[in-house]
Amino acid sequence: MGSLLFFLMLVAACLPGCMFIASVQTMTSNTPDHLSLPLTKTDGPAGGQRQNGGEPSPGLTRTPGPMQLRTVAAPESPPRPISLVECMALALENGRTGEFFDAAGSERRTSVTGSGRVLSPSDTSDSIRVFAFDPAVLATETEQSLARFDAIWNSGFSWNRTNRRNSILAPSPSDEFLLKNQLDAVGFQSSLLKPLPTGGVAGVTFAADYANQAGLPSSQFVNPGYRPLMSFILEQPLLRGAGVPINQILDSHPGGFRNTFATSNRVPGILLARIGHAKSQLEFERRIHDLVFKVEQAYWNLYSAYWELHSRENGLKQAHQAWLIAKNKQAAGGLGDADLAMIEEQYHFFRTQRLEALGRGTGGRAGVLEAERHLRYVVGLPAEDGARLVPKDEPALISFAGDWHSAWLDATRHRPELKQVHQDIKAAQLLLIKAKELLKPDLRLYSKYGFNGLGGDLGSGLNDLIRYGRPEWEAGVHMQIPIGFREGHAETSRASLAIAQQMAHLQDQEAKLVFSLQRSFRDLVQFREEMQTRRSQQEAALKQLKARLQKWHAGGVESVDLILRAQRNWVDAVRDEQAAVCGYRIALADFERQKGTILRSRQIVIADGRLPACVQPQASSQIRSWFRGTRPPIRFGLQPPTKTAPDGPTADLEPFVALPFDPLHLPGPLPPLDSRTR
């Protein structure tokens with residue numbers, strides 16, 4: 001009978017653990033669909049990733065390979081007018097900050113980064129889809145910090161048998177039977193402990209001990225005996241780790257002296273975890289600032305690249321017309337071979353510049369294909385999708401009336417980088433409070449009050465506990481003092497130095513912010529003034545070129561060097577004028593970024609949690625459909641010549657032919673100069 005009771009108590013002790021294991025298996029096997037994130041692998045045009053040469057593994061898909069690649073030899077594809085607002089929406093959905101973009105001419109040779117020792121994937125990625133997970137990941141640390149105050153259930157069961165010979169020398173057979181020392185002791189204990197926010201622990205414990213000694217007379221002793229016990233416990237630190245404020249900072253709960261439980265934790269205290277979450281949100285905001293600026297910069301750089309291509313195309317056309325006129329003059333005997341060769345060299349010079357303006361660019365400026373590649377990268381579009389991006393918006397000349405003092409105040413209030421340093425200072429101050437706890441002795445109060453019963457079986461023992469429970473209590477203090485408090489003094493000194501370092505860091509960041517804001521403010525004013533001078537320069541260069549060409553075409557004496565120089569000056573002036581206009585728009589965006597107000601100026605709001613009902617998914621598609629019918633695309637592009645170049649020089653040539661700016665259709669290259677007419 002006793003063995004059966006032991007077995008039942010053992011099953012009762014292990015049953016909760018079995019239920020927990022079963023529940024874990026159920027949760028694992030019934031994972032919600034929205035938590036099963038499929039992996040994406042760009043290995044080829046179709047099919048899943050194969051494991052060891054077998055079937056494709058589930059959950060891994062491949063994105064289709066790129067379409068036909070466009071080059072300077074074949075740059076044309078159907079144009080896709082795109083607005084700046086649509087680019088912003090696309091970037092906020094799936095864009096990149098461009099930090100790892102391998103621009104033409106840079107030392108970075110790949111956009112793919114390594115997988116070395118990093119804190120998180122966002123350290124080696126500039127995708128918004130990657131670093132958007134960081135705030136959510138760090139938000140779980142707050143829950144982990146709060147978990148240290150969750151109730152704990154401890155339960156245990158032990159069975160001990162002691163079998164010894166008795167202590168009588170030369171015992172008789174009756175002594176061997178009556179006085180043999182065989183003891184069965186069974187212990188069962190189950191307690192519910194609650195770690196307190198004050199650093200203590202409270203709980204209730206139920207225990208049932210069973211003892212059976214073979215040969216012990218039952219008339220004098222309760223044998224076998226069941227002794228149930230119900231007790232209430234309380235422990236509380238009095239110095240170190242005492243109180244709610246310090247337990248919001250400590251990395252782990254002080255634990256119990258008489259009632260031990262696991263107190264280790266992998267995350268900092270609640271307040272420190274919240275500061276870490278706030279810093280991750282600020283880092284996300286900082287990257288969104290960079291993302292918005294990079295999108296606007298890439299958009300206007302593409303617009304400027306089209307204008308540079310337009311200027312090179314105009315130069316190429318002017319050089320071709322000049323060569324035809326010069327060929328007529330040479331046939332009439334009014335021009336030498338050296339002057340004709342000089343004009344031909346200018347023509348080939350513009351052909352080379354046109355290729356550069358169409359492809360990778362030169363002089364720190366990206367060509368059309370390279371600028372489009374950059375815009376596609378930061379916006380999150382595929383490298384090739386069968387269309388050619390054409391900016392739909394013109395850089396409207398927005399007036400600027402900024403004030404330096406107000407800009408500085410905005411920067412100190414809104415820059416995410418400065419907010420992050422302020423959070424670091426708060427964390428350092430909390431760490432100093434935490435370090436000072438090590439200078440206190442560990443003094444703890446513990447107490448226990450309970451009732452116990454006794455019976456020959458489990459039922460009678462529980463009945464005795466309930467009806468005649470005899471009280472028992474325990475109280476005491478325990479103190480532990482490290483001699484010298486060396487660790488506490490060292491940790492306090494380190495925390496004090498960390499605060500001083502963070503304050504110096506804040507001052508350094510504010511000083512560097514002045515330099516960045518100063519540069520941005522000056523660039524903005526300079527581009528504003530430069531637009532006017534570039535416009536006047538372009539008009540003057542155009543007048544000079546027209547006058548020299550008309551004089552030369554009418555048969556007047558005009559130096560070929562001056563004509564060629566006038567052509568280059570006008571072509572460069574057309575490019576520089578539009579570069580200044582685009583630079584002004586980029587400088588405006590940079591100035592807002594330096595102030596920390598670029599999101600507010602673009603009406604972009606970062607919210608935590610689920611999207612509100614007013615926010616529609618796939619906003620970029622809706623924006624594109626809105627503007628498709630209400631805003632016709634602006635005609636800018638390069639129209640090819642309406643007439644093909646003649647086989648030989650003609651007499652009735654226009655001295656000056658300007659191509660309209662309309663790059664919805666890229667121009668084809670003019671044919672090489674016909675050697676038969678030389």
Side-chain angles (χ1 to χ4, degrees), residues 1-23 149-163 181-237 253 255-263 444-478:
M1 181 64 181
S3 299
L4 179 59
L5 290 175
F6 302 154
F7 176 74
L8 292 177
M9 294 172 65
L10 178 62
V11 171
C14 298
L15 183 59
C18 298
M19 294 175 62
F20 174 73
I21 296 174
S23 64
F149 301 108
D150 292 345
I152 301 173
W153 178 34
N154 283 337
S155 184
F157 179 85
S158 63
W159 185 353
N160 182 25
R161 166 166 289 185
T162 303
N163 194 354
N181 194 7
Q182 177 177 321
L183 175 65
D184 282 327
V186 178
F188 170 74
Q189 180 176 351
S190 182
S191 59
L192 186 64
L193 304 178
K194 177 63 172 73
L196 302 176
T198 59
V201 56
V204 56
T205 301
F206 173 78
D209 297 335
Y210 167 84
N212 184 15
Q213 185 170 356
L216 192 67
S218 301
S219 59
Q220 301 177 6
F221 302 94
V222 178
N223 187 40
Y226 290 84
R227 188 179 297 275
L229 173 66
M230 177 71 70
S231 58
F232 302 92
I233 60 173
L234 175 64
E235 294 189 36
Q236 176 60 44
H253 194 274
F257 170 67
R258 302 295 295 270
N259 300 273
T260 60
F261 56 90
T263 59
R444 305 197 182 198
L445 169 69
Y446 59 89
S447 61
K448 177 181 178 182
Y449 187 85
F451 303 89
N452 66 82
L454 180 63
D457 54 50
L458 183 59
S460 61
L462 292 175
N463 182 59
D464 185 68
L465 172 67
I466 297 173
R467 299 183 60 184
Y468 311 105
R470 284 159 293 279
E472 62 179 32
W473 58 271
E474 178 184 11
V477 292
H478 175 81

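Keep in mind that the numbers below use all heavy atoms, side chains included, and drop hydrogens, waters and symmetry copies.
Taking the side-chain contact (heavy atoms from CB on, under 4.5 Å) definition, one finds that L445 meets it with L238, V477, sequence neighbours left out. For E472, there are no salt bridge (charged side-chain N to carboxylate O under 4.0 Å, His left out) partners two or more places apart in sequence or in a different chain. Take Y449 and apply the side-chain contact (heavy atoms from CB on, under 4.5 Å) test, not counting sequence neighbours, and it matches F451, P471, W473. Every residue meeting the side-chain contact (heavy atoms from CB on, under 4.5 Å) condition with R258, not counting sequence neighbours, appears here in chain and number order: E235, Y446, E474. A search for side-chain hydrogen bond (donor to acceptor under 3.5 Å, both in side chains) contacts involving S460 returns D457, not counting sequence neighbours.
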Per-pair distances, 0.1 Å, donor-acceptor, side chain in residues 189-201, under 3.5 Å, sequence neighbours excluded:
| unit_1 | atom_1 | unit_2 | atom_2 | d |
| --- | --- | --- | --- | --- |
| S190 | OG | W153 | NE1 | 2.7 |
| K194 | NZ | F149 | O | 2.8 |
| T198 | OG1 | Q236 | OE1 | 2.9 |

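In this structure, CZ in F257 is found 4.0 Å from NE2 in H478, a value given to the nearest 0.5 Å. In this structure, N154 CG and N259 CG are separated by 8.5 Å, a value rounded to the nearest 0.5 Å. To the nearest 0.5 angstrom, N212 atom CG is 8.0 Å from Y226 atom OH.
Classified by interplanar angle (parallel below 30°, tilted 30° to 60°, perpendicular above 60°), the ring pair F188/F206 is perpendicular.
D209 contributes no side-chain N or O that, together with a main-chain N or O of R227, makes up a donor-acceptor pair within less than 3.5 Å.
Taking each heavy atom of L229 and K448 in turn, the nearest pair found is CD2-NZ, 4.5 Å.
Using a 4.5 Å heavy-atom threshold, the side chains of V186 and D184 count as separate.
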